[in-house]
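Chain A is the first sequence line, chain B the second, and so forth, proteins listed ahead of strands; every chain is numbered from 1.
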Amino acid sequence: MAGLIVRAVKSVAAEEGWSQEILKPVLDRGLRLEWPKKEEFGDLSTPFVLGLSKGLGKPPRVLAEKVLQAINHDPESQILLKKIEIAGPGYINLTLSSSFLLEFLEAVISSDDLVEKVSIPRSINVEFVSANPTGPLHVGHGRGAAFGDSLARILREVGHRVSTEYYINDAGNQMNMLGKSVYLAFRKLEGTFTPEEKSRLLGDQDGYRGDYIPDIAKKIRDEQTLLSPEVRSEALAGQFTDRVQSAFTHVAQTEIMAGIREDLRRFGVSFDRFFSEKTLHETPGGDGLPRIGHWIDLLERESGGIVYESEGAVWFRTTAMGDDKDRVLKKSDGSYTYFAADIAYHADKIERGFETLVDVWGADHHGYQARMQAVVKTLSGRVGKAVDLKVCLIQLVSLLREGKAVSMSTRAGEYVTLGEVLDEVGVDATRFSYLTRSHESSLEFDLAKAKERSMDNPVFYVQYAHARVKSLLAQAALRNVRHESFNVQDLAVLSEPAERSLIRLLAQFSGVLLRAAESFEVHPLTDYLTTLAGAYHHYYFHHRILSSEEKDRPVMIARIGLSIAVSRVLKKGLSLLGVSAPDTM
RNA sequence: GCGCCUGUAGCUCAGUAGGAUAGAGCGUCGGACUUCGAAUCCGCAGGUCGCAGGUUCGAUUCCUGCCAGGCGCACCA
């Protein structure tokens, strides 16, 4: 369709001698086609001549008229279009021909592939959740999980090569603190806990305090094989040796990660890879150094001063890329910062050949963005190919119950876990609710409303539309109405405006997905499905589909076909959100 | 102090790379079930798009400055 218009513009340009500079911005970016809000404005619409008018010094409507003539002369327009109009300040509004719409509908009913693919597939890595294995996932992680997983599904659906990844922050002080917290809980169980020991291990810090800590301690006490006999006897004797530290840390992390994986599985989220930060510290790189050291040294040598040594530490010159101060990579005690590990991790991803890196972070990490962009820019410059980093910042989720805030404090271990929300609300409603809003807006998640079957909670509205079609088909089967294939002739009897509107909406599905993939957003799909479900409910209420009158049979068949098309798109869309499309509710 | 996100109907939010009369749902009020599932549908009301400037033929959208809320600014992770 865009091709048709581009051809027309070019032919007019040739005739009128328009300069390339003026046309370039319009044609390069591809022609922008909008879906007009009102059907009286046609099925597709473009305001692009408005942008052209200034450069050419002619009124937009005059230009639009020329383009319109050229489109009319194109033989393809006879097939695709029913009507072209100029409206408003200079919009060109296109109304699709019914033969085009019916062919499209036929394809939706019978084709295996409902979704258009991108012309240039990319190799994309989507990293999300990546919660520290120091406690169960909470509602905030849930939002990131739903978003990242659905985004990955959408990117894959439109034809990109997508790999999903969870980065486990399993190195550093937080993990040691976790091990100590479990150790102290273990001592408590044994009745040998003392406040002195706690302050010796943790100083004035509290450690981790959630319910899961004593649970893990109990498990260690009850399952002999979790600790070696030596470690166990040291722990029982109150000797907090290095190997006690590492054994308790290891068990705690394993248990917690198992819980996280289980929550993710229930939530319908899967990862192609779990990437351990610890392996970056341990595995030697090409020159025998740990991989972090490998990358930092390499950058120091090759980055032309972007990585430099000063005051006994190694720094990254992030100020050169807009950060407000330079950041330390290697501390003066020789250990690496978290930032250094993250550089190594992103270097690794780039080395594995991804062209686009998507990082899904909690919004509280936004201060990190400028520096990661700087890193990826530097690293990809080194590899000699442009690697894009797209950071998606997921805003806060505030949990409510009947409008009242549920108080949460991660520090004190008082928070509602994702698992608890899934128990109470269910997977479908939770995922859908998370994805109804832009990830850049903070989200109010009301547990009571999320369970309600009302438009407060549109997941049921969309699922119901799908179930309605299935129920209709079952009803049709009972009446011995069978029809395997629907061709354009069968469908041509659809003449109601509401039917045309539905087909028009179905035709937007691919575009919604392509645009969502381009802008790395998910909620446009959620909105679209709600709109489509609404249009079907409206249609269903006002039009009788099944009929026992023989004369109505052709219309009945066509309406069944249309209903099938709607249900297929709903089902595909819901599946991209990770939401089921049940046949009955 | 610096930086990021947000400010649109009573509430929760959409608003497509500057374009047509700014849209949904909820809530309020009033209607529609002998008929394929009423978990549905139809209607009414509701707006100075935070405020003030600027760019433009045209600004909710871009720029500047304020105001308000949230979140960041470690040789922590």
**Q** Quick one about A:Tyr345 and A:Glu165 (side-chain donor to acceptor, distance below 3.5 Å, no hydrogens or angles considered), yes or no?
**A**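 Looking only at side-chain atoms, A:Tyr345 and A:Glu165 do form a donor-acceptor pair, the distance falling under 3.5 Å.
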**Q** Just checking A:Arg468: base, sugar-phosphate only, or nothing, at a heavy-atom cut-off of under 4.0 Å?
**A**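 Sugar-phosphate contact only - A:Arg468 comes under 4.0 Å of backbone atoms but never of a base.
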**Q** So, the side chain of A:Tyr208 versus the backbone of A:Val182: is there a donor-acceptor pair under 3.5 Å, distance only?
**A**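 No; zero donor-acceptor contacts below 3.5 Å.
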**Q** May I ask you to say what A:Asn169 touches in the nucleic acid, namely base, sugar-phosphate or nothing, with a heavy-atom cut-off under 4.0 Å?
**A**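 It contacts nothing in the nucleic acid.
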**Q** Watson-Crick or G-U wobble partner for B:G7, using a 3.5 Å limit on both distances?
**A**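 The base-pairing partner of B:G7, which may sit in any strand shown, is B:C67.
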**Q** Considering Watson-Crick and G-U wobble pairs with both distances under 3.5 Å, what does B:C2 pair with?
**A**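 Base partner found: B:G72.
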**Q** Applying a 3.5 Å limit to both distances, which nucleotide forms a Watson-Crick or G-U wobble pair with B:A45?
**A**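 Matched B:A45 with nothing under the 3.5 Å cut-off.
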**Q** Select base, sugar-phosphate, or nothing to describe what A:Ala171 touches, counting heavy atoms under 4.0 Å on all strands.
**A**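 Sugar-phosphate only.
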**Q** With no hydrogens and no angle check, just 3.5 Å: does a side-chain donor-acceptor pair link A:His346 and A:Asp359?
**A**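 Distance-only check passes for A:His346 and A:Asp359.
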**Q** My understanding is that a pair needs two contacts under 3.5 Å, Watson-Crick or G-U wobble. By that rule, which nucleotide pairs with B:U12?
**A**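 WC or wobble partner is B:A24.
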**Q** Once you apply a heavy-atom cut-off of 4.0 Å, does A:His439 come out as touching a base, just sugar-phosphate, or nothing?
**A**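 No contact at all - A:His439 keeps every heavy atom at 4.0 Å or more from the nucleic acid.
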**Q** Does A:Ser441 reach a base, just sugar-phosphate, or nothing at all? Heavy atoms under 4.0 Å.
**A**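 Contact class for A:Ser441: sugar-phosphate only.
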**Q** Heavy atoms only, 4.0 Å cut-off, all strands: where does A:Asn176 land among base, sugar-phosphate and nothing?
**A**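 It contacts nothing in the nucleic acid.
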**Q** What contact category does A:Ser438 fall into here, base, sugar-phosphate, or nothing, at under 4.0 angstrom with non-hydrogen atoms?
**A**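 Answer is sugar-phosphate: A:Ser438 comes under 4.0 Å of backbone atoms only.
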**Q** Does A:Gln463 reach a base, just sugar-phosphate, or nothing at all? Heavy atoms under 4.0 Å.
**A**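 It contacts nothing in the nucleic acid.
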**Q** In terms of ring plane angle, is the pair A:Trp315 and A:Tyr308 parallel, tilted or perpendicular, where the classes change at 30° and 60°?
**A**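 Plane angle under 30°, so parallel.
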